[in-house]
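In what follows, a single structure is set out as structure tokens and then discussed.
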There are 2 protein chains.
Amino acid sequence: MDRPDLGTMTARLLREIVRLETPILAASGLEMWDYVVLAALLGGDAATQRELAAATGRDQTRLIRNLDGLEERGLITRSPDPADRRNKVVALTGSGRDLVGACRARIRVMETELLLSLPADERAALERALVRLVGNP
Amino acid sequence: MDRPDLGTMTARLLREIVRLETPILAASGLEMWDYVVLAALLGGDAATQRELAAATGRDQTRLIRNLDGLEERGLITRSPDPADRRNKVVALTGSGRDLVGACRARIRVMETELLLSLPADERAALERALVRLVGNP
DNA sequence: TATTGTTATACTCTATAACTATA
DNA sequence: TATAGTTATAGAGTATAACAATA
């Protein structure tokens with residue numbers, strides 16, 4: 001048979017990744033969106049809340065509740081931008097950086113295991129292709 | 001910088017695919033879940049509603065409304081399984097098969113264009129890797 | 001009693017539009 | 001007036017449990 005749609009396979013892969021990441025994040029008291037936000041901050045993808053919403057694909061109004069929770073837990077700070085006080089600059093705290101770093105390390109281990117069934121060259125090509133397609137948007 | 005998480009890139013790719021597929025499906029009056037269901041039937045992945053729910057990753061109780069709509073439009077039929085009358089066998093009608101086939105063809109064109117920026121060997125490796133990982137679950 | 005499909009219910013999530021503060 | 005962030009609220013989507021029919 002012909003291969004399934006790219007969308008079908010991508011959705012299946014994402015479901016599997018989410019399934020494997022969920023317990024890792026839960027062990028640190030994080031939901032998926034929490035991690036997505038923290039990882040974006042770790043990657044330096046965004047400074048203001050608006051940029052963070054764009055970088056993560058999350059609606060700006062829904063992002064706020066996330067940030068509220070992360071701020072209460074002392075994982076991030078929100079401070080007015082001196083240059084334009086309408087903006088709030090979101091930054092990782094030390095403990096926020098530690099927490100997301102630890103999760104990310106465990107997730108990398110999970111990813112390695114997930115891709116273990118692939119031949120080495122195929123795995124490398126998959127990663128290169130993804131980076132080329134959606135690595136740095 | 002290091003590459004983003006596999007989950008981050010997979011989610012971005014899926015968002016892009018959904019964005020590109022949505023207008024294609026809308027032109028045939030289909031929502032994403034409608035197409036997912038019809039494509040699963042086309043692929044012969046499932047016969048009963050329970051199997052269809054498992055194959056598509058959609059909750060069984062939510063699948064029902066989808067099937068109601070597709071049945072009303074004459075795209076599928078639901079008939080009791082003679083061997084076990086608790087089961088309902090879901091099948092594509094002729095027009096259902098035509099419609100999903102046409103959508104699928106347009107989506108394949110879209111996929112080809114999406115992957116056009118990749119070197120040929122990388123594109124082939126990406127497809128092989130996906131099929132190996134989640135192609136026939 | 002167990003299972004498939006269905007419906008009903010409450011709960012959560014999402015989208016829209018207002019509101020505040022700043023520019 | 002326009003924009004970043006926030007809040008409120010109405011609507012859509014989701015999960016849970018109960019139900020009917022069949023095994």
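Heavy atoms only: backbone and side chains are in, while hydrogens, waters and symmetry mates are out. To find a chain, count down the sequence lines: A is the first, B the second, and so on, and within it residues start at 1.
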Salt bridge (charged side-chain N to carboxylate O under 4.0 Å, His left out) partners of residues 54-66 of chain A, not counting sequence neighbours, each pair once: A:D59-A:R62
Value in whole Å for how far the P atom of D:dG13 lies from CD1 of B:I64: 16 Å
Between CZ on residue A:R3 and OG1 on residue A:T8, distance to nearest 0.5 Å: 9.5 Å
Non-neighbouring partners of A:D98 that pass salt bridge (charged side-chain N to carboxylate O under 4.0 Å, His left out), sequence neighbours left out: none
Residues forming a side-chain contact (heavy atoms from CB on, under 4.5 Å) with A:S117, sequence neighbours excluded: B:L133
Whole-Å gap separating C1' (D:dG11) and CZ (A:R62): 14 Å
Any A:Q49 side-chain N or O less than 4.0 Å from OP1/OP2 of D:dT6: yes
Nearest non-hydrogen partners of A:C103 and A:Y35, listed with the distance: CB-CE1, 4.0 Å
Partner residues of A:R128 under the salt bridge (charged side-chain N to carboxylate O under 4.0 Å, His left out) criterion, sequence neighbours left out: B:E122
B:R108/A:D5 salt bridge by N-O under 4.0 Å criterion: yes
Nucleotide D:dG5, atom P - distance to CD1 of A:I76 in whole Å: 12 Å
Atom pair distance, as rounded to whole Å: CD in B:Q60 and C1' in D:dT14: 15 Å
DNA chain D-proximal residues of residues 79-89 of chain A, any heavy atom under 4.0 Å: A:R86, A:N87, A:K88
Atom of B:G74, atom of B:T93 and distance for their closest heavy-atom approach: O-OG1, 2.6 Å
Close N/O contacts between protein and nucleotides 16-19 of chain D (under 3.5 Å):
none

Atom CZ of A:R85 with >12 non-hydrogen neighbours under 6.0 angstrom: no
Residues which pass salt bridge (charged side-chain N to carboxylate O under 4.0 Å, His left out) with B:E31, listed by chain and number, not counting sequence neighbours: none
Partners meeting side-chain contact (heavy atoms from CB on, under 4.5 Å) with A:R123 (sequence neighbours left out): A:L115, A:L118, A:A120, A:E127
Salt bridge (charged side-chain N to carboxylate O under 4.0 Å, His left out) against A:R19, all qualifying residues, sequence neighbours excluded: A:E16
Touch class at under 4.0 angstrom, heavy-atom based, for A:R78 against every strand present: sugar-phosphate
Integer-rounded Å distance: D:dA12 P and B:W33 CH2: 19 Å
Relative orientation of the end axes in the helix from C:dT1-D:dA23 to C:dA23-D:dT1, expressed as an angle to the nearest 10° (five pairs per end): 10°
Leading and trailing nucleotides of DNA chain C with any atom under 4.0 Å from heavy atoms of chain B: C:dA2 to C:dT7
side-chain contact (heavy atoms from CB on, under 4.5 Å) against B:T10, all qualifying residues, sequence neighbours excluded: A:T10, A:L13, A:L14, A:I17, B:L6
Nearest-Å distance for atom pair CG/C1', residues A:L63 and D:dG5: 10 Å
